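Take a look at the structure set out below.
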Amino acid sequence: MPKNQSGGQRNGGPKRRQPAVALDEDNPIILAFTKYSNELTQKHDRHERIVKLSRDITIESKRIIFLLHSIDSRKQNKEKVLEEARQRLNKLIEVNFRAVALELRDQDVYQFRAAYSPGLQEFIEAYTYMEYLCSEDSQNEVKCVSDWQALQAVMQYVEDEPPKPKDEDGNEVDTALSTPAEESLKKFQFFVDPTEYVLGLSDLTGELMRRCINSLGSGDTDACMETCKALQHFYKGYISLNCQRARELWRKITTMRQSVLKAENVCYNVKVRGGEAAKWGATFDQKPADDVDEGFY
Amino acid sequence: MSNFVNMELFSNYQKYIDNEQELRENIRIVVREIEHLAKEAQIKLQVIHSDLSQISGACGLARKQVEACAEKYKKLADLVPPGQYYRYSDHWTYITQRLIFIIALVIYLEAGFLVTRETVAEMLGLKTNHADGFHLDVEDYLLGILQLASELSRFATNSVTMGDYERPLNISHFIGDLNTGFRLLNLKNDGLRKRFDALKYDVKKIEEVVYDVSIRGLSSKEKEAQDEPAVPASE
């Protein structure tokens with residue numbers, strides 16, 4: 001092709017035609033994108049680390065719930081199991097949630113909500129279930145289930161140095177607040193989001209339903225009635241909530257209704273068939289192995 | 001026994017979500033105002049596809065809209081409690097990306113380079129670091145820039161239609177650099193990744209335009225500079 005015209009103005013545009021050739025270190029776009037890349041990678045890495053931590057919390061919480069279900073009025077193991085569960089839950093708070101809190105320090109906790117939410121909800125389920133089982137025993141003064149402020153109060157951590165007072169009304173306190181320099185921050189917390197708490201608590205009803213049915217199996221009809229009553233209260237509380245946007249909560253309330261219905265059905269059977277159902281269930285349950293308890297009921 | 005369930009808990013939570021709803025309502029009002037301004041800017045910029053001589057005028061008008069948006073962002077920043085940007089960010093991410101696109105387009109048309117995140121943040125009155133307050137999220141920035149790529153591929157076609165054969169070459173280099181830049185990113189399997197995957201179609205479209213122009217010898221620069229890339233001036 002003939003070169004006919006010259007004098008095309010140049011205003012210092014890009015230097016290369018093919019983007020894939022080699023990285024041009026001086027190219028402003030490349031320089032800028034290297035920076036964005038670092039920032040993105042950092043964010044993703046933190047997210048992944050929190051997901052891992054959260055997974056550990058989920059697994060341990062599930063195991064604790066399983067452990068708590070092994071409480072059986074015939075085995076008289078309640079004290080021992082509760083004590084172990086309490087210790088393991090405390091360890092979760094002191095070790096695992098502390099690690100998450102450290103990751104979230106000076107961050108926007110809502111940015112990583114999806115990363116820690118499953119672990120937190122499972123933990124809340126285990127924690128409140130433990131509290132429920134504890135409250136069964138204390139006849140005189142019944143302790144309420146912890147709300148998110150109570151839980152928030154537990155999840156306070158201190159660096160090695162003595163803590164300095166900070167605002168602590170539980171609601172909107174944020175780890176990222178008012179503490180620009182890392183070394184100035186001696187105290188930190190794991191932020192318990194009320195919504196996460198309420199979602200986690202709604203899972204407790206599933207455990208209560210299981211306890212209700214298991215109690216029927218072990219002949220503890222009082223426990224059946226009690227758990228059913230607690231379930232009904234929870235259900236009442238949850239349907240009193242006015243939540244338009246919260247699809248997740250709505251789904252959980254639907255599941256909760258199923259649990260309530262199952263528990264109510266158990267209570268109906270206890271009432272109608274009286275002690276027979278329980279006795280039958282009790283003997284059936286321990287037919288082959290447990291000869292120690294034979295004829296206990 | 002039934003005392004275990006604390007009914008106060010539910011009324012407290014109801015208060016909590018009521019407060020949140022109210023704040024969201026207020027945020028939505030401001031976001032709607034920003035949307036309105038951005039829409040106008042976008043409409044003003046449509047003229048570039050039909051009349052090249054009006055580009056700088058359109059850019060000026062769009063800049064005014066952006067300035068007006070900065071005011072609104074100040075309002076938003078006051079509404080959102082510190083440290084809770086991501087709690088409410090779903091309300092404004094979409095429109096912020098749109099504005100980033102508009103700003104990037106204006107800057108490209110005026111000066112021919114890619115606007116940095118810092119400059120966009122400055123123009124919208126935002127911070128770049130989340131610790132400093134209401135900021136410009138890096139992913140939003142990147143998503144906005146990807147919108148720019150699509151618009152430029154359209155612009156390349158239309159400038160040829162309007163008889164400007166140099167511009168597609170310029171755009172092609174620019175998008176090529178952008179593409180290289182995006183390849184530096186470690187993308188997760190998320191929205192940004194999906195959107196980035198569409199960038200290759202923009203690249204392809206522009207390359208086709210450049211090919212058509214070159215093979216027919218329509219571009220004077222292409223004829224003149226076989227071994228060095230031609231960079232036609234912008235307006």
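Small disclaimer: the values here were computed from a predicted structure and weren't measured.
Contact of A:Thr128 with chain B is made through the backbone alone, with heavy-atom distances under 4.5 Å. Proximity to chain A (any heavy atom under 4.5 Å) is restricted, for B:Asp190, to the side chain, taken from C-beta onward. Within the 4.5 angstrom heavy-atom criterion, only side-chain atoms of B:Gln21, from C-beta onward, approach chain A. For B:Arg117, the parts lying under 4.5 angstrom from a heavy atom of chain A are both the backbone and the side chain. Residue B:Ile17 touches chain A through its side chain alone, counting heavy-atom pairs closer than 4.5 Å. Both the backbone and the side chain of A:Thr34 come within contact range of chain B, with heavy atoms under 4.5 Å apart. When heavy atoms are compared at a cutoff of 4.5 Å, A:Tyr197 approaches chain B solely by way of its side chain, counted from C-beta outward.
In this structure A:Lys78 satisfies the salt bridge (charged side-chain N to carboxylate O under 4.0 Å, His left out) test together with A:Glu136, A:Asp137, sequence neighbours excluded.
When the candidates B:Thr116, B:Asp137, B:Val138, B:Asp132 are compared by the number of heavy-atom contacts under 4.5 Å with chain A, B:Val138 comes out ahead. Taking chain A as the reference chain and counting heavy-atom pairs below 4.5 Å, the highest number among B:Leu142, B:Leu185, B:Leu178 is found for B:Leu185.
Using a 4.0 Å cut-off between charged nitrogen and carboxylate oxygen, A:Asp45 and A:Arg49 do not count as a salt-bridge pair. Using a 4.0 Å cut-off between charged nitrogen and carboxylate oxygen, A:Lys35 and A:Glu39 do not count as a salt-bridge pair.
In this pair, B:Tyr16 and A:Trp148 present their aromatic rings tilted. The plane angle is within the 30 to 60° band.
The ring pair (Phe, Tyr, Trp, His ring centres under 6.0 Å) analysis of residues 186-216 of chain B, with sequence neighbours excluded, yields the pairs B:Phe182-B:Phe196.
Contact between A:Gln152 and A:Phe190 at its shortest, heavy atoms only, is NE2-O, 2.7 Å.
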